[in-house]
Amino acid sequence: MKATVKADSFASRLLHWFDDHGRHDLPWQHPRSPYRVWLSEVMLQQTQVKTAAPYFERFVAALPSLQALAAAPMDDVLALWSGLGYYSRARNLHRAAQECMSAHAGELPRDLDALVALPGIGRSTAAAILAQAWGDRHAILDGNVKRGLARFHGVDGWPGSPAVERQLWVFAEQHLPHDRLADYTQAQMDLGATICTRARPSCGSCPLSADCAAYLHGRTAELPTRKPAKAVPHRQAWIMWLEDENGRVLLQKRPPVGIWASLWTLPQADDDATVADFLRAHIDGANGDGDVLPPIAHAFSHYKLDLLPRRWRGVALRSAVQDNNHSRWVAPADLATLGIPAPIRRLLEGGRPSHEEFDDPYRLL
DNA sequence: AATTCGGGGCC
DNA sequence: GGCCCAGAATT
């Protein structure tokens with residue numbers, strides 16, 4: 001991909017697609033003015049079109065111009081924003097309007113740096129305003145564009161990281177056409193919203209798929225690279241595999257709330273001393289440490305749990321302790337009839353290879 | 001570089 | 001219930 005081609009085919013193909021399949025009837029497109037474009041761009045920060053559209057209509061009906069916005073009480077602006085979230089956007093919008101009144105003759109400046117200097121306007125929003133309102137030649141890099149470029153160029157790494165984001169800005173600049181900047185800017189966002197979607201993109205309808213690295217290599221499901229999961233707490237717990245003389249195993253029913261609610265599991269303890277306490281109080285014949293079995297790693301959504309099993313055979317409950325609703329001996333053949341957490345069941349049923357769960361909702365079917 | 005700000009859509 | 005969405009400001 002040469003950056004020096006005069007009319008990047010990326011842009012021309014995108015524009016051609018946009019003419020037939022783009023969104024041409026969004027509320028802020030009719031009429032299109034710098035103020036309305038600005039307002040729409042701010043409303044659409046981290047907010048989907050479907051959500052923002054009714055707020056936009058209500059907002060411009062009440063405050064149809066930058067001057068009206070600047071003169072409005074903050075409370076009125078917040079009332080119009082109420083329900084949209086990210087309320088600093090509304091406060092910044094209001095402040096920026098007033099700065100435009102005092103510093104830019106009552107209009108939005110037609111200058112990237114001057115726009116970025118206003119509160120609530122970053123580089124991408126400033127570029128979108130200039131391109132959409134004036135047709136000026138600036139690249140945007142919002143979530144849609146990041147996703148599209150990461151796929152088209154096969155860029156690995158989370159787009160939120162500065163290094164990847166820098167690379168994506170370079171690509172975005174390289175693809176810029178020399179005219180139709182407003183349409184081109186809208187086309188990128190429309191493609192991302194309707195074709196190059198996060199999950200299950202419609203590559204068969206994409207004007208860029210013939211040169212898309214992700215499509216050609218079957219990587220659309222893994223690009224863009226997802227945000228790295230933040231470190232989850234790591235816990236460990238001892239579990240006691242206690243068998244009586246008939247080979248039955250002692251199971252306990254967990255409380256009705258929390259992890260594995262109401263399921264049957266092996267007696268569990270947070271530390272070594274608690275294991276000893278449990279055995280001393282309830283079990284006859286559990287001498288020493290028992291057989292130490294390999295740890296079982298189990299991942300929950302919010303923490304990881306290492307289960308450390310130990311096994312004792314030929315033990316019995318102390319006579320003072322009875323079988324009851326929360327504790328019972330279970331024959332191996334009866335395990336199938338009980339609700340038992342998967343890792344515990346695998347342990348008890350003899351360590352068949354664990355089935356790797358695919359928990360990724362965005363995978364290709 | 002990581003966190004915060006929010007409500008809704010989607011799986 | 002988590003992750004993401006036309007991000008920007010703050011720490």
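Below, read A as the first sequence line, B as the second, and so on, with proteins coming before strands; counting in each chain starts at 1. All values derive from a computational prediction rather than experimental measurement. Computation of the quantities below employed the complete heavy-atom set of this structure, encompassing side-chain atoms and omitting hydrogens, waters and symmetry-equivalent molecules.
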When the distance from [atom1] of [X] to [atom2] of [N] is rounded to whole Å, what number comes out?
X         : N       : atom1 : atom2 : result
Arg198(A) : dC5(C)  : CZ    : C1'   : 8 Å
Met43(A)  : dG7(B)  : CE    : P     : 15 Å
Arg91(A)  : dT4(B)  : CZ    : C1'   : 13 Å
Tyr87(A)  : dG8(B)  : OH    : P     : 8 Å
Glu165(A) : dA2(B)  : CD    : C1'   : 14 Å
Gln48(A)  : dC10(B) : CD    : C1'   : 8 Å
Arg89(A)  : dG8(B)  : CZ    : P     : 12 Å
Ile140(A) : dA6(C)  : CD1   : P     : 10 Å

Strictly below 4.0 Å, N to O, side chains only: are [X] and [Y] in salt-bridge contact?
X         : Y         : value
Arg123(A) : Glu173(A) : yes
Glu243(A) : Arg248(A) : no
Arg328(A) : Asp334(A) : no

For DNA chain B, what residues of residues 72-86 of chain A have any heavy atom nearer than 4.0 Å?
-> Gly83(A), Leu84(A), Gly85(A), Tyr86(A)
From [options], pick the nucleotide closest to the side chain of [X]?
X         : options                 : answer
Thr51(A)  : dA8(C), dG9(B), dA6(C)  : dG9(B)
Lys227(A) : dC4(C), dG7(C), dC10(B) : dC4(C)
Thr125(A) : dA6(C), dG7(C), dC4(C)  : dG7(C)

List the residues meeting side chain to side chain donor-acceptor pair (under 3.5 Å) with [X], not counting sequence neighbours, and say none if there are none.
X         : result
Arg32(A)  : none
Thr47(A)  : Arg89(A)
Asp272(A) : Arg310(A)
Glu165(A) : none

Pairwise salt bridge (charged side-chain N to carboxylate O under 4.0 Å, His left out) hits with a residue in residues 124-142 of chain A, at least two apart =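 Residue pairs with at least one partner in residues 124-142 of chain A: Arg110(A)-Asp136(A).
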Could I get the full list of salt bridge (Lys or Arg N to Asp or Glu O under 4.0 Å) partners for Asp179(A), not counting sequence neighbours?
->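 Partners of Asp179(A) by the salt bridge (Lys or Arg N to Asp or Glu O under 4.0 Å) criterion come out as none, since no residue qualifies.
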Applying salt bridge (Lys or Arg N to Asp or Glu O under 4.0 Å), name anything that partners Glu107(A), two or more places apart in sequence or on another chain.
->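 Glu107(A) satisfies salt bridge (Lys or Arg N to Asp or Glu O under 4.0 Å) with no residue once adjacent residues are dropped.
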Decide if the gap between the ring center of His175(A) and the ring center of His153(A) is smaller than 6.0 angstrom.
->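 Yes, close enough.
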May I ask you to check whether His24(A) and Phe18(A) place their ring centers less than 6.0 Å from one another?
->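 Yes, the ring of His24(A) comes within the 6.0 Å limit of the ring of Phe18(A), centre to centre.
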Arg200(A) vs dC10(B): side-chain N/O to OP1/OP2 distance below 4.0 Å = no
Polar atom pairs (N or O), protein with nucleotides 9-11 of chain C, under 3.5 Å:
{"from": "dA9(C)", "atom 1": "OP1", "to": "Gly120(A)", "atom 2": "N", "distance (Å)": "2.6"}

Hydrophobic cluster mates of Leu216(A), side-chain heavy atoms under 4.5 angstrom, ILVMFWY only, any path?
->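 Members other than Leu216(A) - counting any ILVMFWY side chain reachable under 4.5 Å - are Tyr215(A).
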Determine whether more than 12 heavy atoms belonging to other residues, nucleotides or ligands lie under 6.0 Å from atom CG of Asp306(A).
-> yes
For the pair Arg311(A) and Asp289(A), evaluate salt bridge (Lys or Arg N to Asp or Glu O under 4.0 Å) and give the outcome as yes or no after the intermediate values.
-> CA-CA 8 Å; Arg311(A) 186 178 195 179; Asp289(A) 292 337; over 6 Å; no
Where along residues 182-195 of chain A does a heavy atom come under 4.0 Å from DNA chain C, residue by residue in number order?
-> Gln186(A), Met189(A)
With a 4.0 Å heavy-atom cut-off, tell me which residues in residues 16-35 of chain A come close to DNA chain C, sorted by residue number.
->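 DNA chain C contact set from residues 16-35 of chain A: Arg23(A), Leu26(A), Trp28(A).
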For dT4(B) and dA6(C), measure between their P atoms and round to the nearest Å.
-> 23 Å
Taking the same atom, C1', in dG6(B) and in dC4(C), what whole-Å distance lies between them?
-> 13 Å
Is Thr47(A) side chain donor-acceptor paired with the dG6(B) base, going by distance under 3.5 Å alone?
->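 Such a pair is found, so the answer is yes.
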When all nucleic acid strands are considered with a 4.0 Å heavy-atom cut-off, which category describes Val145(A): base, sugar-phosphate, or nothing?
->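 The residue Val145(A) makes no contact with any strand.
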